[in-house]
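Just so you know, ligand 1 is whichever comes first in the structure, and atom 1 is the first atom listed for that ligand. As the structure is a computational prediction, the values presented were derived from the model and not from experiment.
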Amino acid sequence: MATDSSAPHSAGRPSAGIPLFSTYVHPRAAEQVAAVLATTMLSEGRLVKQFEQQLTAECGLRHPAAVNSGTSALHLALEVAGVGPGDEVILPAQTFVASGTSILQTGAVPIFADICYSDGNLDPADIEHRITRRTKAIMPVHWGGYPCDLAEIGAVAARHGLVVVEDAAHALGATYRGQPIGAISDYTCFSFQAIKHLTTGDGGAVCALDPAKAEEVLHRRWFGIDRAHSPMSELGEREYDLRQLGYKYHLSDYAAALGLANMAGLHERMQRRRAIARRYRAELRDVPGLTHFEYRADRESAYWLFGFHVERRLDFIRSLKAAGITASVVHVGIDHNTLFGGRRPALSNQRRFDDTQVHIPLHDALTDGDVDHIIAVIKQGW
Ligand SMILES: *Cc1c(COP(=O)(O)O)cnc(C)c1O
């Protein structure tokens, strides 16, 4: 197998084969996290604020509030959006279970709509007939980092007075019609889990367009206590009156230090991902039995994943495995889970997608040699 041991960031990867994902830790991160440990100021503080400011400066996020996971971000956004018991939230099944469990956490019911077979994203044309009196929100998921049809989805939401809460766990750095993901819908939720583009170990962020809602997110990520307006009394306790249920969802400063360290060079890393994706698309254009996903000119993917459709998928996965390359479906439709009602609504594109989609490695530890090898193996056929 082609490898390049002098490549940056290759330390710590398994020597046997090319994995599907890697975790990126900046060479200076250890030192920066150690500096926080030395201060013993570990919890939420100055560095969390700095991390949020950097998310805005570097990625264009509007009012990001850092939290301790992407799942917390989704739950908190839904709560602040007013989603509660008995409500319904429409989402695609092509996602990780966290999209669905965060809805259940509020007491609402996830309602699955179909996807576009061409990219795995929520089909805007399959939403409206699923809207009922109970529908409160739509949760589009940018599968693999490729932005959904946000204009069409936003128009459906506006017609019916619904809130849009984006699950943008895969989409940090993506753009839609010139605007960054994180600055478009009512709420956008990111994940900084270990294998996402930018990691804080575990972490996430909620962006709320409305400044009042963004303020509410800040309070409710920490029990509902407004720290800025709850002075210490002479008796030695903060003075506040809890008015809304909040959660223990804040990010800690040592995690923010890791996020800040990893932010250095983020754009270069994203450009490299895009360059690899361009090579995959160009060099695998005419491979028999392989159909690429659709890419439109009005949006740019964050390329967390690189996927396409293949014929005889198990043969494809086995043939790559024999050449030391991991290929995977990553996730199939989550609607089959008993927890989500165990129903199998008619989602014909989802079922077709479940049968043919597959993803190949696209991450920071890939060397040029790895990419050559992956392309050559796929071109040989399966
Ligand atoms: C990673 C992920 C999440 C959850 O993020 P965590 O930070 O792991 O809680 C939610 N939705 C999708 C689509 C994800 O991939």
J.: Applying a heavy-atom cut-off of 4.0 Å, say which part of S69 lies close to ligand 1: side chain, backbone, both or neither.
T.: both
J.: Applying side-chain contact (heavy atoms from CB on, under 4.5 Å) to L347 and F112, what does each step give before you reach the verdict?
T.: CA-CA 8 Å; L347 302 176; F112 294 104; 4.0 Å; yes
J.: Any nitrogen or oxygen of G70 lying under 3.5 Å from a nitrogen or oxygen in ligand 1? Just yes or no.
T.: yes
J.: Tell me the nearest of T95, N68, L74, L305 to atom 13 (C) of ligand 1, using heavy-atom distances.
T.: T95
J.: Does ligand 1 have any atom that is closer than 4.0 Å to a heavy atom of K196?
T.: yes
J.: Just checking, any donor-acceptor pair under 3.5 angstrom between side chains of H309 and T291?
T.: no
J.: Between R352 and Y117, is NZ or CZ placed under 6.0 angstrom from the six-membered ring centre and within 45° of the ring axis?
T.: yes
J.: Run the contact test for G203 against ligand 1 with a 4.0 Å cut-off on heavy atoms, strictly below, and give the result.
T.: yes
J.: Around atom 15 (O) of ligand 1, find the nearest protein heavy atom and jot down its residue, atom name and distance.
T.: H170 NE2, 2.7 Å
J.: Please state which option from G204, S191, A73 has its nearest heavy atom closest to atom 7 (O) of ligand 1.
T.: S191
J.: For the residue pair R227 and W222, would you count it as a cation-pi contact if the rule is NZ or CZ under 6.0 angstrom from the ring centre and within 45 degrees of the ring axis?
T.: yes
J.: Are side-chain heavy atoms of E52 and T56 found at a separation under 4.5 Å?
T.: no
J.: Just need the protein heavy atom nearest to atom 8 (O) of ligand 1, so name the residue and atom and give the distance.
T.: Q193 CG, 3.6 Å
J.: So is R220 actually on top of Y249's ring, under 6.0 Å and inside 45° of the axis?
T.: no
J.: Is R296 salt-bridged to D149, cutoff N-O under 4.0 Å?
T.: yes
J.: Whether R269 engages the ring of Y24 as a cation-pi pair (distance to the six-membered ring centre under 6.0 angstrom, angle to the ring normal within 45°) should be assessed.
T.: yes
J.: Is any N or O atom of D167, backbone or side chain, closer than 3.5 Å to an N or O atom of ligand 1?
T.: yes
J.: Which of the listed options, T101, T71, I334, holds the heavy atom that is closest to atom 4 (C) of ligand 1?
T.: T71
J.: A98 heavy atoms, cut-off 4.0 Å: which ligand 1 atoms fall inside?
T.: 4 (C), 10 (C)
